[in-house]
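To start, the structure under review is shown below, and the notes come after it.
Side-chain atoms are counted along with the backbone in the values below, which use heavy atoms only and exclude waters and symmetry mates. Owing to the predicted nature of the structure, the values given are computational and were not obtained by experimental measurement.
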Amino acid sequence: ARCVAVVKGDVAQKENVSVRVHSECFLGDALGSTRCQCGPQLRSFIETVLGSSCHPCGILLYLQGQEGKGIGLSNKLRAYVLQDTEGLNEAEANLRLGFPPDQ
């Protein structure tokens, strides 16, 4: 996985710096999927921390290659099918596909 860091302001020697570690989510971040909170959480951090004069500094760590909490885009789409056809929630669908629960 690759990590992109977006740093606002001088964070060296600062306390209480707002940080978001965000796993890439193509469906939520780019396509606006409403099945997860990824896109809204990312946009909220960008608007309220990185885009606000109220916060002099902040850090966004964007983890690429972590789609679907590390299960990949194709498996995330398989989980969507299970959610639609069997009424499972995200965690249940991921477990059914053989992935461990979120830590």
Side-chain angles (χ1 to χ4, degrees):
R2 295 185 319 171
C3 180
V4 175
V6 178
V7 180
K8 175 188 173 186
D10 182 7
V11 298
Q13 307 300 320
K14 295 285 192 320
E15 293 183 17
N16 300 320
V17 175
S18 294
V19 177
R20 173 161 181 82
V21 179
H22 186 85
S23 295
E24 177 181 37
C25 176
F26 177 74
L27 297 173
D29 298 345
L31 301 181
S33 173
T34 58
R35 293 182 185 236
C36 65
Q37 292 299 308
C38 301
Q41 289 172 354
L42 176 62
R43 286 186 290 282
S44 175
F45 185 83
I46 290 170
E47 291 170 9
T48 60
V49 176
L50 300 182
S52 170
S53 60
C54 295
H55 291 88
C57 57
I59 301 171
L60 168 64
L61 298 175
Y62 192 85
L63 305 177
Q64 296 177 311
Q66 295 293 311
E67 182 68 45
K69 299 177 183 169
I71 70 172
L73 183 58
S74 60
N75 284 318
K76 189 169 182 177
L77 292 171
R78 287 183 184 97
Y80 276 15
V81 169
L82 289 173
Q83 290 172 40
D84 289 343
T85 60
E86 299 186 28
L88 302 178
N89 65 33
E90 179 185 22
E92 293 166 337
N94 289 347
L95 284 171
R96 175 79 58 85
L97 291 171
F99 296 100
D102 291 344
Q103 300 298 319

side-chain contact (heavy atoms from CB on, under 4.5 Å) evaluation trace for L73 with L27: CA-CA 8 Å; L73 183 58; L27 297 173; 3.8 Å; yes
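- Side chain of E24 to main chain of G65: a donor-acceptor pair is present (N/O by atom type, distance under 3.5 Å, no hydrogens or angles).
- Judged as a salt bridge (Lys or Arg N to Asp or Glu O under 4.0 Å), and not counting sequence neighbours, the contacts of E86 are R96.
- Clustering of Ile, Leu, Val, Met, Phe, Trp and Tyr by side-chain heavy atoms under 4.5 Å joins V81 with none of the others.
- Listed by chain and residue number, R35 satisfy the side chain to side chain donor-acceptor pair (under 3.5 Å) test with D84 (two or more places apart in sequence, or in another chain).
- Expressed to the nearest 0.5 Å, how far CD of Q41 lies from OG of S23 amounts to 10.5 Å.
- Residue F45 is not grouped with residue V19 when hydrophobic side chains (ILVMFWY) are merged at heavy-atom distances under 4.5 angstrom, including chains of intermediate members.
- Of all the heavy atoms in Q83 and A93, the pair that sits closest is CG-CB, 4.1 Å.
- The distance from the CD1 atom of I71 to the CG atom of N94 is 4.0 Å, given to the nearest 0.5 Å.
- Counting only residues at least two apart or in different chains, salt bridge (Lys or Arg N to Asp or Glu O under 4.0 Å) contacts with residues 36-61 are absent.
- Note that the NE2 atom of H22 and the CG atom of L42 stand 4.5 Å from one another [nearest 0.5 Å].
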Would you give me the side-chain donor-acceptor pairs under 3.5 Å for residues 50-63, sequence neighbours excluded?
from: S52; atom 1: OG; to: C54; atom 2: N; distance (Å): 3.0
from: H55; atom 1: ND1; to: T48; atom 2: O; distance (Å): 2.8
from: Y62; atom 1: OH; to: D29; atom 2: OD2; distance (Å): 2.7

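- Counting only heavy atoms from C-beta outward, the side chains of Q64 and C3 never approach each other to under 4.5 Å.
- When every heavy atom of S18 is checked against every heavy atom of V49, the shortest pair comes out as CB-CG1, 3.8 Å.
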Criterion side-chain contact (heavy atoms from CB on, under 4.5 Å) on Y80 and K76, from CA distance to verdict: CA-CA 6 Å; Y80 276 15; K76 189 169 182 177; 3.8 Å; yes
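- Partners of D10 under the side-chain contact (heavy atoms from CB on, under 4.5 Å) rule, at least two apart in sequence or in another chain, are A12, K14.
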